[in-house]
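In what follows, a structure is listed as structure tokens, so that the remarks can point back to it.
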Amino acid sequence: VSPGPSLLDSLPKILELRQAFVVVSLIRSLPVLSDFGIIPDFAIIVDAIDHNAKHLKLLPNDSRFSDIPLIVSEYVHPTTLEADFGGFFLMPSAELIGGPLSTALHGENPPLCVGTSVASFAVSMFAELGAASITLVGQDLSVSSASYAASNQKVSRRHYGELTCLGINGEQLPTQDDYLQFKLELEYLASKYGKQVKMFNCTTFGALLDHWLHLQLDVTHPAVVEHSMFSPERAEAHSTLAGPTGLSVSGNIVNAIEDELTSLALIQQLIEVVVAEIQSLLSRGSDDLTCLESAEADLLTYLNSSGALAKF
């Protein structure tokens, strides 16, 4: 659930059809959902910035959210982990996969989550985790005179230049370069995972997304139809067959941290060798780069290793 202005149009249907979906709310959408009586199953935030900063104030200090698990990325700001949520799900960062700590936390083959927007990151994540379908709501990706759906978020997006995109209803809508980037990412993800995951866009107004099926959020939605046919007995059997869900923490995390620290210490030593060799060349006025190139090659070997913290 994204916080575009059109989200306000979808609130009654989200509430009515709530039980047919696992509802995941972007952090900006939480207040407006909760004010309408909708408590999502999860919230998600992936940016590394301080969302408690004065110019943002996006982390809600609200007891209604204390039971909602928050999905975060590994490079989340520390203040996010201090917020009052019902626990945290740590998602792997693509850049760190293969390193000792990432392997200890997420295993050998974690989901590869990508995307520069929270929505595209979430779509990537749930597709990697094997969701049967993914439905977007409030994902306008176009510029309007309205601000975000939440009443306390007064920031409205300004339209610069002549950028437009094709709208859901066939019209040309003003947009922005970052919105176009997010649109391309969502379209790419739908083309990549579309054969395994059904991709639905139930946003009422906004950009048309290629490779997504645009439809209304109502009782004819395939997920709602399937849910209506899913008896409690079948649900219990399905739950038993599915086994435990969620991400398991594996390996010895303490040893992994020690391995990371050892690697960083070695990298620091190699950097000191490179700096010392450069200073020596300058002081001697020499152009013999043999030792410098050898030291740089050793350093790059560690910096380019999979999941290197120093590279990240």
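This structure is a prediction, so every number in the text was calculated from the model and none was measured.
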- Mind checking salt bridge (charged side-chain N to carboxylate O under 4.0 Å, His left out) for K198 and listing every partner two or more places apart, or none if nothing turns up? none

- Message: With clusters defined by side-chain heavy atoms of hydrophobic residues (ILVMFWY) lying less than 4.5 Å apart, directly or transitively, does L213 cluster with V137?
- Response: no

- Query: For Y193 and E128, what are the C-alpha separation, side-chain angles and deciding distance, and is it a side chain to side chain donor-acceptor pair (under 3.5 Å)?
  - Reply: CA-CA 8 Å; Y193 296 105; E128 285 278 314; 2.6 Å; yes

- Task: Starting at OH of Y302, measure out to OG of S305 and round the result to the nearest 0.5 Å.
- Result: 9.0 Å

- Query: For atom CD of E171, is the number of surrounding heavy atoms from other residues, nucleotides or ligands below 6.0 Å larger than 12?
  - Reply: yes

Can you give each donor-acceptor pair under 3.5 Å made by side-chain atoms of residues 255-265, sequence neighbours left out, with the distance rounded to 0.1 Å?
unit_1: E260; atom_1: OE2; unit_2: L101; atom_2: N; d: 3.1
unit_1: T262; atom_1: OG1; unit_2: E258; atom_2: O; d: 2.9

- Nearest-0.5 Å distance that lies between atom OH in Y179 and atom SG in C165: 10.5 Å

- Message: For R18, give me all partners under side chain to side chain donor-acceptor pair (under 3.5 Å), at least two apart in sequence or on another chain.
- Response: D41

- Message: Quick check for you: to the nearest 0.5 Å, what is the distance between L7 atom CG and S29 atom OG?
- Response: 5.5 Å

- Enter the distance from L26:CG to F121:CZ here, rounded to the nearest 0.5 Å. 11.5 Å

- Item | Pairs meeting criterion side chain to side chain donor-acceptor pair (under 3.5 Å) with involvement of residues 110-119, two or more places apart | T116-E185, S117-S120

- Using a strict 4.0 Å threshold on nitrogen-to-oxygen distance, state whether D35 and R64 make a salt bridge. yes

- Message: Main chain of D140, side chain of S6: is a donor-acceptor contact present, judged purely on distance under 3.5 Å?
- Response: no

- Are the aromatic ring centres of F200 and H214 under 6.0 angstrom apart? no

Table please: side-chain donor-acceptor pairs of residues 286-294 below 3.5 Å, with sequence neighbours left out.
unit_1: S286; atom_1: OG; unit_2: D288; atom_2: N; d: 3.1
unit_1: D288; atom_1: OD1; unit_2: T290; atom_2: N; d: 3.2
unit_1: D288; atom_1: OD1; unit_2: T290; atom_2: OG1; d: 2.8

- Note on the structure: dist I168:CD1 -> L215:CG (nearest 0.5 Å) comes out at 10.5 Å

- State the CG-CD1 distance between L217 and I14, to the nearest 0.5 angstrom. 6.5 Å

- With a cut-off of 6.0 Å (strictly less than), are more than 12 heavy atoms of other residues, nucleotides or ligands near CG of N109? no

- Message: Applying a strict under-4.5 Å side-chain criterion to I, L, V, M, F, W and Y, I'd like to know whether L208 and M199 cluster together.
- Response: no

- Taken in chain and number order and not counting sequence neighbours, the residues that satisfy side chain to side chain contact (heavy atoms under 4.5 Å, CB included) with Q172 are T164, L166

